[in-house]
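Structure first, commentary second.
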Amino acid sequence: MAENTTPASNFILDMVKEDVRNLKYGGHVETRFPPEPNGYLHIGHAKAICLDFGIAREFGGVCHLRMDDTNPAKEDQEYVDAIKEDIHWLGYDWGDHFYYASDFFEQMYECAVELIRRGKAYVCSLTPEEWEEYRGNLYVAGKESPGRSLSIEENLDLFERMKRGEFGDGEKVLRARIDMASPNIHMRDPVIYRIRRVEHFRQGDRWCIYPMYDFAHPLEDALEKVTHSFCTLEFEIHRPLYDWVLQALEWQDPPEQTEFARLSLTYTVMSKRKLLQLVKEKHVNDWDDPRMPTICGLRRRGYTPESLRRFSEMVGITKFNAVTDMALLEYCVREDLNKNASRYLAVLDPVKVVIENYPEGKIEYLDAVNNPELPEAGSREVPFGRELYIDRADFMEEPPKGYFRLAPEREVRLRYGYFIKCTGVVKDADGQVTELRCTYDPETRGGSAPDGRKVKGTIHWVAAATAKCGEARLYDRLFTVPAPGTGDEDFLTQLNPDSLKKVPVMMEPALAALPAGTRVQFERVGYFVMDPDATAECPVFNRTVALKDSWARQQK
RNA sequence: AACCCCGUGGUGUAACGGUAGCACAAGUGGUUUUGGUCCAUUCAGUUCAGGUUCGAAUCCUGGCGGGGUUGCCA
C-alpha cells in the first residue's frame, strides 16, 4: 500500500472533510475507481486512482475497484488483468472490494422494472434516425416519443419481451421519462437499456439487453454503498441524470458525484483512440512501449510508483482544464531516482583511450561509491587498465570556451580513477577520431592530486579489457510539440522522429550483472532501467530521463 | 445560437472576506571527484468593468476568454 502521502489540499478533500464532519453517510467514506476494461490505464488514470484511493485512505474508508463492463462489444479479460496489475504496481489495493458492473445486471434489471412501475420509464420503438428528430437539438426542444403514452402494463410487457429476446438489436429501447424540453439533452428521455446481441466476456449470452452508463453507474455506486463518486469533467452534464435515477427509486443516502479535470500533458496524447492508433499503426511497439503515457509504458521506461504518486499530488485536483508540462513529470522521477538510483559507469558512443605510461596487461580495482546520496548503498570495485573507453562527447580537439572535458594537452579526472592528460589523437582517413593517446599521473589514484592541483572536468570511463557491451535505448518525448494534434487528425505528423535512439553502450562489469528492473544512473548521461527484454548476452537499458545538463542548455 | 462548468506568474497549484504562497520552468551565484545533486538568489500573477464591504483572488452583476453537451460508448 502506498504509504503516508497526505493528499495535497483540494476542493474534493475539503468537501469530503465537510461531509465527514457533518456525519453525512454516518461519517463513512467509500470511493471507487471504475474503469471500463477496454484498454490500458494511462497516467491520467493514475491521477484518478491516487484521488479515489487516496481520499478513501485519508478518511479510513475503502476504495472499490470496479470493472464497468456494461458494453459487451468493447471489453475483455485481458484488460481486467492489466488494470489490476497496474493499480497494484502503483501501490494501491482494494481489499475484497472488487466488482464487475455486470454482476449487478439482475438488480439493475429489477430497478428498471421498478421505474416502469412508477411510470418513470417506457419502451420506445423509434429508430435512431427518428429519434434524432424527436430529440430536438441544443436550441430546439424535443417532442414526446409515442412510447410515452403506453400504459405501465404495456411497458412492463414490452420490456420483459426485450429481455427475452423477442426483438432485434436496436428495435426497441427503454427510456427514462424525464423532460423532452430540458436544456440538458441528457435529460430528454435518455436511453437506459438497449438490445445488443453480443457475447459478454463474463456473462456470455445470458443477456441481450444491456444498461447504459447513465443508468448503470449510479446504481453500481449505490449498490456497492459508495458514498463519494469522483469522475472527470465531461460527466458533469450527466450528474442531473445520475441524481434522477437514484431519486426516482427513492434511494436512501444516495452517493454523490463530483467532477474534476482530467489530466493533460504536453508532448504526448492521452485519448484512448489516439493511443490505440499509435499502437495499431506501429508508431510505437505496443501499449507498454516506453514512450507511451500508459502506466505499463512508464513502468517499462523506468518510472517508479512513488514518482507517479508524487506527480499526481503535485498536479492537484481542480475543475480547470489545465495542461501540465511534461517537465513536471520528469522532475518527479528525477527527484525519486536521484535519491534511490545507484550510479554506474557506462560509455555511449565509445572512443578508445590508451594510457601510454600504464603497464600493459595490468588490471587494478578502484573503489567507487554506489550512491553519494545514500551511503548505506555501499561501494564496489571498478576495474581499471591501460586501455579504456570514454564517451566521444567527452573529448574535443578544439574545445570551445567553457568546455571542461578532455582536449589535447589538457588534464581531466577519470571518475574514481586517475588524472589523465591527452598527448595525441589518432584519426582514420575521414578525420574521425579513433583513438586517444594519454598519460596518467600515478600519484592521483582515487582522483585527487597530492600536490593539490585541480582539474575542471571529471569524465566517466570503462576499462576495455573487462567492458561488457550492451544496448542503450535513449527514449525521448513522443511528440515535438507541446500540444500534438490540436488541429486534430494531423497529430501523427508531429511525432518526434528521434523519440527512440538505440546506441551501443560499454558498461562496467557490475552494471551488466544487475537484475531486470533495477534503476540506475549512468553518470553524466541519465537515469536508466534494465529492460525486461535484456538478456545476459546483451544487457539492454532504457533511459528513463536525461540528467539536467547545463552545458547542453548553454550550447543552445 | 441554448444550457452547464471554468479563468491566480511561462506552467501547475494554494490562500475562514484580512500580508497573494508553494512547486516546475527559466536566469544568476556558491558547494561538489557526475556540467548531476545540494544551497542561495532573481524574474514573474489574481481576465476586464462595475457593485457590496473598513477590507475582495474570494461575494453580486455584466463583458471577454476557455472547455463541455445534440451515442442505442464510457
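The sequence lines fix the lettering, A, B, ..., with proteins before strands; numbering per chain opens at 1.
Within the nucleic acid shown, Phe419(A) has no heavy atom closer than 4.0 Å to any nucleic acid atom. If you check every strand for non-hydrogen atoms under 4.0 Å, Glu373(A) touches a base. No contact: Ile209(A) has no heavy atom under 4.0 Å from any strand. Nucleic acid contact class of Tyr213(A) (heavy atoms, under 4.0 Å, all strands): base. Within 4.0 Å of Ser182(A), counting heavy atoms only, lies no atom of the nucleic acid at all. Note on Val315(A): only backbone sugar-phosphate atoms sit closer than 4.0 angstrom, heavy atoms only; bases stay farther off. If you check every strand for non-hydrogen atoms under 4.0 Å, Phe235(A) touches a base. Across all strands shown, Tyr193(A) has no heavy atoms under 4.0 Å from either base or sugar-phosphate atoms. When heavy atoms are screened at a 4.0 angstrom cut-off, Thr70(A) is found touching the sugar-phosphate backbone but no base atom. Lys456(A) comes within contact range of no nucleotide atom at all, as no heavy-atom separation falls under 4.0 Å. At a threshold of 4.0 angstrom between heavy atoms, the contacts of Gly526(A) with the nucleic acid are absent. Contacts of Ile237(A) with the nucleic acid, taken as non-hydrogen atoms under 4.0 Å apart, include base atoms. Among the atoms of the strands shown, base atoms are found under 4.0 Å from some heavy atom of Pro372(A). Within the 4.0 angstrom heavy-atom criterion, no nucleotide atom of any strand lies near Val140(A).
The side chain of Thr458(A) lies closest to G35(B) when the candidates are C72(B), G36(B), G35(B). Proximity note for Leu328(A) (side chain, C-beta onward) versus C72(B), A23(B), U70(B): the nearest is A23(B). The listed nucleotides are C73(B), A23(B), G68(B); the one nearest the side chain of Glu36(A) is C73(B). Among the nucleotides A23(B), G36(B), G35(B), the one closest to the side chain of Tyr331(A) is A23(B). Each of U70(B), U34(B), U11(B) was ranked by its minimum atom distance to the side chain of Arg415(A); first place goes to U34(B). The side chain of Asn10(A) has A14(B) as its nearest neighbour among A14(B), U70(B), C72(B).
In this model, the phosphate group of U13(B) is approached by a side-chain N or O of Thr318(A) to a distance below 4.0 Å at OP1 or OP2. In this structure, Arg262(A) does not reach the G68(B) phosphate: none of its side-chain N or O atoms is under 4.0 Å from OP1 or OP2. Proximity of Arg524(A) to the phosphate of G35(B): a side-chain N or O atom is located under 4.0 Å from OP1 or OP2. For C73(B), the OP1/OP2 oxygens have a side-chain nitrogen or oxygen of Arg196(A) closer than 4.0 Å. Taking 4.0 angstrom as the limit, Ser550(A) places a side-chain polar atom (N or O) nearer than this to OP1 or OP2 of G36(B).
Glycosidic conformation of G71(B) is syn; the angle stays within 90° of 0.
Summarising the geometry, the separation between CZ on Phe522(A) and C1' on G36(B) is reported as 15 Å, rounded to the nearest angstrom. Between Asn184(A) atom CG and U69(B) atom P the separation is 12 Å, expressed in whole Å. What separates CZ of Arg543(A) from C1' of U34(B) is a distance of 15 Å, to the nearest Å. One interatomic measurement links the two molecules: CZ of Arg188(A) to P of A2(B), which rounds to 14 Å at whole-angstrom precision. Rounded to whole Å, atom C1' of C72(B) lies 14 Å from atom NE2 of His186(A). Taking atom NZ of Lys548(A) as the reference point, atom P of C24(B) lies 7 Å away to the nearest angstrom. Computed from coordinates, the Phe230(A) CZ to A74(B) C1' distance equals 19 Å when rounded to whole Å. Straight-line distance from the CG atom of Asp14(A) to the C1' atom of U58(B): 14 Å, rounded to whole Å.
The pair Glu224(A)-Arg32(A) fails the salt-bridge criterion, with no side-chain N (NZ, NE, NH1 or NH2) lying under 4.0 Å from an Asp/Glu carboxylate O. No salt bridge links Lys163(A) with Glu160(A); every basic N to acidic carboxylate O contact stays at or beyond 4.0 Å. Salt bridge Asp189(A)/Arg135(A): absent, no basic N to carboxylate O contact under 4.0 Å. The pair Glu364(A)-Arg445(A) counts as a salt bridge, with a side-chain nitrogen and a carboxylate oxygen less than 4.0 angstrom apart.
Going from the P atom of U47(B) to that of U53(B) covers 23 Å, rounded to whole Å. A2(B) and U70(B) have their C1' atoms separated by 11 Å, given to the nearest Å. A gap of 7 Å separates the C1' atoms of U52(B) and C60(B), to the nearest Å. Atom P of C43(B) sits at a distance of 13 Å from the matching atom of C22(B), rounded to the whole Å. Across the P atoms, G55(B) and A44(B) are found 29 Å apart, a figure rounded to whole Å. The gap from the P atom of G10(B) to that of U19(B) amounts to 23 Å, rounded to the nearest Å. Comparing the P positions of U58(B) and G51(B) gives an interatomic distance of 14 Å, to the nearest angstrom. One P atom belongs to U8(B), the other to C59(B), and the distance between them is 14 Å to the nearest Å.
The nucleotide A74(B) finds no pairing partner, because no Watson-Crick or G-U wobble arrangement with both distances shorter than 3.5 Å includes it. The partner of A23(B) is U11(B), judged by Watson-Crick or G-U wobble contacts that both fall below 3.5 Å. Pair assignment for A49(B): U61(B), on the basis of Watson-Crick or G-U wobble contacts that are both within less than 3.5 Å.
Closest of all the heavy-atom pairs between Phe479(A) and Phe491(A) is CE2-O, 3.1 Å.
Counting heavy atoms from C-beta outward, Ser264(A) and Met270(A) have side chains that stay 4.5 Å or more apart.
Geometrically, Lys319(A) does not engage Phe260(A) in a cation-pi contact, judged by NZ or CZ lying under 6.0 Å from the ring centre and within 45° of the ring axis. Cation-pi check for Arg175(A) over Trp131(A) is met; the charged atom lies under 6.0 angstrom from the ring centroid and within 45 degrees of its normal.
The 5' end of RNA chain B is approached more closely, in terms of each residue's nearest nucleotide, by Gly402(A) than by the other of Gly402(A) and Arg194(A).
With hydrogens and angles ignored, no donor-acceptor pair closer than 3.5 Å exists between the side chain of Glu523(A) and the base of G35(B). No hydrogens or angles were tested; on distance alone, a donor-acceptor pair under 3.5 Å links the side chain of Gln521(A) to the base of U34(B). Judged by atom type and distance alone, Arg553(A) does not reach the base of G35(B) through any side-chain donor-acceptor pair under 3.5 Å.
The aromatic ring of Phe320(A) does not sit over the base of G7(B), since the test of centres under 5.5 Å and planes under 30° is not met.
By the side-chain contact (heavy atoms from CB on, under 4.5 Å) test, Met212(A) is found to be paired with Val191(A), Arg194(A), residues two or more places apart in sequence or in another chain being considered. When the ring pair (Phe, Tyr, Trp, His ring centres under 6.0 Å) test is applied to Tyr100(A), the partners found at least two apart in sequence or on another chain are Phe98(A).
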